[in-house]
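Let me begin by presenting the structure, written as structure tokens, before commenting on it.
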2 protein chains.
Amino acid sequence: MTAEPPVPATGSTDGEPAQRRRRDAAETRQLLLDAARQRFARDGYAATTVRDIADDAGVNVALISRYFTSKEGLFEACLRAAGDELRRTTGQTPADRVPEAIARHIADLGAAGLSSQLSLLLRSSGDAGADEIRRAVLVRSSEQLAAARGWRPGEPGSEQLLLRAQMALAAGIGVAVLRSSIRLEPLSSATEQDLVGPLRDLVDALLPPS
Amino acid sequence: MTAEPPVPATGSTDGEPAQRRRRDAAETRQLLLDAARQRFARDGYAATTVRDIADDAGVNVALISRYFTSKEGLFEACLRAAGDELRRTTGQTPADRVPEAIARHIADLGAAGLSSQLSLLLRSSGDAGADEIRRAVLVRSSEQLAAARGWRPGEPGSEQLLLRAQMALAAGIGVAVLRSSIRLEPLSSATEQDLVGPLRDLVDALLPPS
DNA sequence: CCGGCAAGTCAACATATGTTTACTTGCGGC
DNA sequence: GCCGCAAGTAAACATATGTTGACTTGCCGG
């Protein structure tokens with residue numbers, strides 16, 4: 001079927017869709033990143049141990065230090081990845097499709113069953129570097145959101161609009177956390193379809209379409 | 001001036017408004033509770049150490065175990081206190097005043113400069129008991145919120161209303177966290193006055209006044 | 001005034017956790 | 001085929017942290 005040499009899966013049955021090459025630094029790095037994003041988003045930074053992450057990824061703990069320098073380096077990498085993802089969404093989305101995009105982000109459990117990456121944005125590591133990255137991501141996202149509704153930097157009376165955009169972002173993040181981390185019902189089992197209506201009402205109320 | 005015996009303050013100048021009696025279990029307990037609520041809300045459960053809390057409260061670490069059994073016992077006590085406070089608010093507030101009440105909760109830094117207690121509600125200790133308390137608080141609050149807008153338990157099509165109430169609650173919590181924990185500007189320095197307008201729009205959009 | 005007891009202190013302990021170091025394994029070019 | 005080097009492993013280390021137990025202090029009723 002494939003040119004890949006037969007590789008014994010970690011467990012007895014091959015659970016992973018793409019069987020991994022046996023020694024591949026890039027893939028191992030990605031496995032760690034995925035496992036860390038999920039853990040950090042769901043449990044928070046301090047509650048997550050590097051051994052948890054390594055076990056989830058099925059690799060050795062020491063590789064975290066090797067590939068990301070430290071636990072905090074790994075966290076910063078996660079933050080950057082989530083930021084890129086979010087920027088891609090808010091950048092490409094036309095103004096009137098923002099609620100759908102947010103709803104998809106919240107409802108989306110990702111390819112690997114990830115908790116929403118939005119949750120990651122309010123997790124804090126206590127590290128100044130990570131805090132700065134997260135703040136930058138949030139500032140940029142809220143500015144993109146506000147700009148789509150007419151906000152221009154420095155324009156008088158425009159601060160209001162930025163504030164409202166940040167509140168919309170906060171709402172999305174709050175919903176994501178109550179869903180994926182707290183698991184509040186019925187919010188937790190609501191589908192993307194269930195969420196998009198209320199979210200549209202919410203976003204439109206905060207940021208009236210021009 | 002007062003019947004209190006002259007008591008040397010902890011520091012050189014008496015910073016506390018009410019000078020504390022030297023050996024008062026009830027007051028010490030409360031000091032711990034206040035310090036813990038602030039720390040847990042701002043930094044999260046795992047990132048907060050019992051020594052931090054004890055130092056903030058100006059008492060010995062061992063008293064945490066004595067008065068609250070364990071760190072988790074203290075956290076549960078904080079959760080209960082925050083729940084009582086929130087219930088008092090959502091219970092007493094007439095339906096059309098809910099946005100103001102939430103805005104006050106978010107903007108209010110409390111008597112002792114506390115971060116908003118709302119933030120506490122999404123902090124997780126990983127402990128099953130604490131999770132259950134938090135879930136109960138959130139469920140009750142969202143039900144009270146939904147009930148004020150016509151929700152009745154089990155009524156068909158009413159689930160929608162509960163979902164929307166939970167999203168409003170999530171929005172409030174999200175704003176509280178981005179304000180007090182992440183310190184996102186300009187959201188962080190917004191006053192109660194700045195917040196109440198957008199919050200009214202938000203709540204009314206999610207839960208239209210009958 | 002004083003003895004009992006609650007309130008508070010101190011130091012030690014067990015353990016969990018991030019990180020490092022020395023070692024082993026196996027892939028890929030020659 | 002085989003050797004070097006990157007990829008991966010295992011164990012040890014230093015430390016931070018929750019908790020406990022023995023000890024001290026000072027308030028209060030008699």
Side-chain angles (χ1 to χ4, degrees), chain A residues 3-10 19-33 35-36 39-40 43-78 123-127 129-130, chain B residues 2-10 19-33 35-36 39-40 43-78 124-127 129-130:
Chain A
E4 295 278 333
V7 46
T10 317
Q19 51 189 323
R20 62 176 305 210
R21 275 231 317 282
R22 284 207 280 199
R23 301 186 130 205
D24 183 331
E27 184 175 356
T28 300
R29 220 187 111 96
Q30 191 59 46
L31 282 172
L32 280 172
L33 208 51
R39 281 274 184 183
F40 285 146
D43 304 334
Y45 178 83
T48 301
T49 75
V50 289
R51 286 174 174 83
D52 287 339
I53 298 172
D55 287 353
D56 285 358
V59 309
N60 191 279
V61 204
L63 297 183
I64 288 178
S65 296
R66 187 203 284 274
Y67 291 140
F68 300 95
T69 309
S70 66
K71 183 189 181 186
E72 263 174 19
L74 176 54
F75 182 65
E76 293 187 10
C78 291
R123 299 304 189 177
S124 178
S125 76
D127 171 61
Chain B
T2 168
E4 295 279 332
V7 46
T10 319
Q19 50 188 320
R20 61 176 305 210
R21 275 230 317 281
R22 281 207 284 198
R23 301 188 131 204
D24 184 330
E27 184 174 357
T28 299
R29 220 187 109 96
Q30 191 60 45
L31 282 171
L32 280 172
L33 208 51
R39 281 274 185 183
F40 284 146
D43 303 334
Y45 178 83
T48 301
T49 75
V50 290
R51 285 174 175 84
D52 287 339
I53 298 172
D55 287 353
D56 285 358
V59 309
N60 192 281
V61 204
L63 296 184
I64 288 178
S65 296
R66 187 204 283 273
Y67 291 140
F68 300 95
T69 309
S70 67
K71 183 188 181 186
E72 264 175 16
L74 175 54
F75 183 66
E76 293 187 11
C78 291
S124 177
S125 74
D127 171 61

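In what follows, every chain begins at residue 1, and chains take the letters A, B, ... in the order their sequences are listed.
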Would you kindly give the [atom1]-to-[atom2] distance between [X] and [N], to the nearest whole Å?
{"X": "Leu74(B)", "N": "dT17(D)", "atom1": "CG", "atom2": "P", "answer": "16 Å"}
{"X": "Asp55(B)", "N": "dG18(D)", "atom1": "CG", "atom2": "P", "answer": "12 Å"}
{"X": "Ile53(A)", "N": "dG18(C)", "atom1": "CD1", "atom2": "P", "answer": "8 Å"}
{"X": "Asp127(A)", "N": "dG18(C)", "atom1": "CG", "atom2": "P", "answer": "14 Å"}
{"X": "Arg51(B)", "N": "dC10(C)", "atom1": "CZ", "atom2": "C1'", "answer": "11 Å"}
{"X": "Asp24(A)", "N": "dG26(C)", "atom1": "CG", "atom2": "P", "answer": "16 Å"}
{"X": "Phe75(B)", "N": "dT17(D)", "atom1": "CZ", "atom2": "C1'", "answer": "18 Å"}
{"X": "Lys71(A)", "N": "dT17(C)", "atom1": "NZ", "atom2": "P", "answer": "9 Å"}

Identify the pairs formed between an N or O of the protein and an N or O of nucleotides 3-5 of chain C at a distance under 3.5 Å, and give each distance.
none

From dA7(D), dG18(D), dG8(C), nucleotide with atom closest to Arg23(A) side chain: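 The closest nucleotide is dA7(D).
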Between [X] and [Y], which heavy-atom pair has the shortest distance, and what is it?
{"X": "Ala35(A)", "Y": "Ile53(A)", "answer": "CB-O, 3.8 Å"}
{"X": "Asn60(B)", "Y": "Ala54(B)", "answer": "C-CB, 4.0 Å"}
{"X": "Ala130(B)", "Y": "Ser125(B)", "answer": "CB-OG, 3.4 Å"}
{"X": "Leu74(B)", "Y": "Leu32(B)", "answer": "CD1-O, 4.4 Å"}

Gap separating the CZ atom of Arg51(A) from the CG atom of Asp56(A), nearest 0.5 angstrom: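 Atom-to-atom, Arg51(A):CZ and Asp56(A):CG are 14.0 Å apart.
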Arg66(A) CZ to Ile64(A) CD1 distance, which is reported to the nearest 0.5 Å: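 The CD1 atom of Ile64(A) is 13.0 Å from CZ of Arg66(A), to the nearest 0.5 Å.
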Ring-face cation of Lys71(A) near Tyr45(A) (centre distance under 6.0 Å, axis angle within 45°):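 Judged by the rule (NZ or CZ under 6.0 Å from the ring centre, within 45° of its axis), Lys71(A) counts as positioned above Tyr45(A).
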Contact under 4.0 Å: Thr28(A) side-chain N or O vs dG8(D) OP1/OP2: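 So the side chain of Thr28(A) is within the cut-off, an N or O lying under 4.0 Å from OP1 or OP2 of dG8(D).
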Heavy-atom side-chain proximity of Phe68(A) to Leu33(A) below 4.5 angstrom: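 Yes - at least one pair of side-chain heavy atoms lies under 4.5 Å apart.
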Non-neighbouring partners of Asp127(B) that pass side chain to side chain donor-acceptor pair (under 3.5 Å), sequence neighbours left out: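 By the side chain to side chain donor-acceptor pair (under 3.5 Å) rule, Asp127(B) matches no residue at all.
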Near-strand residues of residues 60-69 of chain B, defined as heavy-atom separation under 4.0 angstrom from DNA chain C: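 Under 4.0 Å from DNA chain C: Asn60(B), Ala62(B), Leu63(B), Arg66(B), Tyr67(B).
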